Amino acid sequence: MEKFVINGGNALKGEVRISGAKNAAVAILPAVLLSDEPCVIENLPNISDVTTLLKAMQCLGAQIKTINKTTVEIDPRHVNSFVVSKKMAEGMRASSYFLGALLGRLKRARVSPPGGCDFGVRPIDQHIKGFEALGARMTIENGMVDAKAQQLSGCSIYLDVVSVGATINIMLAAVKANGLTVIENAAREPHIVDLANFLNSMGANIMGAGTGVIKIRGVKHLSGTTYSIIPDQIEAGTYMAAAVAARGDILVTNVTPKHLESIIAKLIEIGAKVTEYDEAVRVQMTRRPKKCNIKTMPHPGFPTDMQPQIATVLSLADGTSIVTEGVWDSRFRYVEQLTLMGADIQVDGKTAVITGVKSLNSAPVRAVDLRAGAAMIIAGLAANGTTEIEEIDHIDRGYENVVEKFSALGADIKRVPVFDTAPMLKQA
Ligand code: EPU
């Protein structure tokens, strides 16, 4: 086990290069299973969620060749298993995408129920509804989600909630189905568009990705392709928020500024100077953040995956801010950790009232989930003294080389081993 140790107080200065998007990568990798030929995937982030998915794909029979640090070649021609066990999925949310991908390829899938960050209830009823509408028989057997189909036929599906996962899973199952599938009230996130672009580059016929109505005309074959994953908007937003909380002047490169619009708008409201370039943004912050109200919403709204990071910035603001979570039932578990560092935050259901304090103080804290962990790093960078963050495996799921990247910006952050003292205590 490891933890992060951060000596706060250094302003951030310099350049940081953003990696490929986690939530695009975890959809595109299972999508490779639909191809009849090998595919080369570039700009893959080096994060543990990607490693877990690649291992699971190997267990299913895919052959994987590492070309370089960010590129793999995947040959799915010998995939012969349709079972993704609990051990293979390792509690990942994205394991659910194997349901759509394997159904699309083999008309059969048995997948351990998806895990992922704990935000209260995380149902997959809309995924199941979509698969059933396409003609699959869905059951739960021995704790596994089981899907079977004689054939998959295009249909019209209206999603009761805007769901990233259900939109992706239905696209995966429908891309080789007979006829036309229409997903209404579809999610519009950049990673949905990236998945559609990837599938289309293999010969799929998907229109409307990025709007609320996606039309998928099924094709018989998908061929090999070489595809580069989009930059991670949330990783970019996290470094931008860190530069606002800890102050400084950073250039965030390898980004698509259009994907960052809602984040940039709020950082400007908070008092930062943000300059957009073709594939980079510069963030400058010289003063205390201003208060600001934020409500998270599906894209193009303010992303829920930036909520803990921005709330941490606002915990240092001059005045009281209101942050409303509009996507998940419960995404404020990190607040308890932040209050250990002196933040003044009252949570009532889906709303947090944040009364800004002048400074945060160091404390031992935990990364209760992925983005909560990112928020703890931001708090530690801005705080006085030495902050220790435990349970950082959550952070490693989604942030590539986080210590190296923050260190290059002048932060004092280290990854150190945690020694389990329990056995010694028992002996004594
Ligand atoms: N929902 C349902 N039924 C469903 C599916 C979703 O009611 O069948 C509800 C959820 O309970 C939630 C809302 O719909 O209230 C949105 O859930 P969605 O399905 O969009 O979330 P997801 O696909 O499980 C992805 C990201 C999350 C991100 C959300 C929202 C991946 C692997 N995960 O989750 O990312 O928060 O979309 O944008 O793409 C993260 O990266 O830190 C992360 C948690």
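Atoms within a ligand are numbered from 1 in the order they appear, just like the ligands themselves. Given the structure is predicted, the values throughout are model-derived calculations rather than measurements.
Proximity of Q126 to ligand 1, defined as any heavy-atom pair under 4.0 Å, is shared by backbone and side chain alike. Under 4.0 Å from ligand 1, heavy atoms of S163 appear from its side chain as well as its backbone. Residue contacts with ligand 1 for D125 involve both N, CA, C or O and side-chain atoms from C-beta outward (heavy atoms, distance under 4.0 Å). Residue K22 touches ligand 1 through its side chain alone, judged by heavy-atom distances below 4.0 Å. Contacts with ligand 1 closer than 4.0 Å are made by no heavy atom of H394, backbone or side chain.
For the pair N254 and N43, the minimum side-chain heavy-atom distance is below 4.5 Å. No side-chain heavy atom of K55 sits under 4.5 Å from any side-chain heavy atom of T52. Residues L172 and L195 form a side-chain contact, since some pair of their non-hydrogen atoms from C-beta on lies under 4.5 Å apart.
Residue-ligand proximity: Q307 is placed with every non-hydrogen atom at 4.0 Å or more from ligand 1. Heavy atoms of P123 approach ligand 1 to within less than 4.0 angstrom. K129 does not count as a contact of ligand 1, since none of its heavy atoms falls under 4.0 Å from the ligand.
Near L370, the atoms of ligand 1 lying under 4.0 angstrom from a non-hydrogen atom of the residue are 42 (O). For ligand 1, the atoms sitting less than 4.0 Å from at least one non-hydrogen atom of T304 are 30 (C), 36 (O), 38 (O), numbered in the order shown with element in parentheses. Near R331, the atoms of ligand 1 lying under 4.0 angstrom from a non-hydrogen atom of the residue are 36 (O), 42 (O), 44 (C). Heavy-atom contacts of V327 reach the following atoms of ligand 1: 12 (C), 13 (C), 15 (O), 16 (C) (cutoff under 4.0 Å).
For atom 26 (C) of ligand 1, the nearest non-hydrogen atom from the set I128, N23, V164 comes from N23.
Using a 4.0 Å cut-off between a side-chain N of Lys or Arg and a carboxylate O of Asp or Glu, K266 and E269 qualify as a salt bridge. In this structure, E325 does not pair ionically with R331, as no charged nitrogen and carboxylate oxygen lie closer than 4.0 Å. Looking at E235 and K405, a side-chain N of the basic residue comes within less than 4.0 Å of a carboxylate O on the acidic one, giving a salt bridge.
Polar contact with ligand 1: absent for H191 (N/O pair, distance under 3.5 Å). The shortest N/O to N/O separation between G165 and ligand 1 falls below 3.5 Å.
Not counting sequence neighbours, F82 has no partner by the ring-ring contact (aromatic ring centres under 6.0 Å, His included) test. By the side chain to side chain donor-acceptor pair (under 3.5 Å) test, R108 is found to be paired with D146, residues two or more places apart in sequence or in another chain being considered.
Minimum heavy-atom separation, A147 to L103: CB-CG, 3.8 Å.
The aromatic rings of F131 and H127 sit perpendicular, their planes meeting at an angle over 60°, well past the 30° parallel limit.
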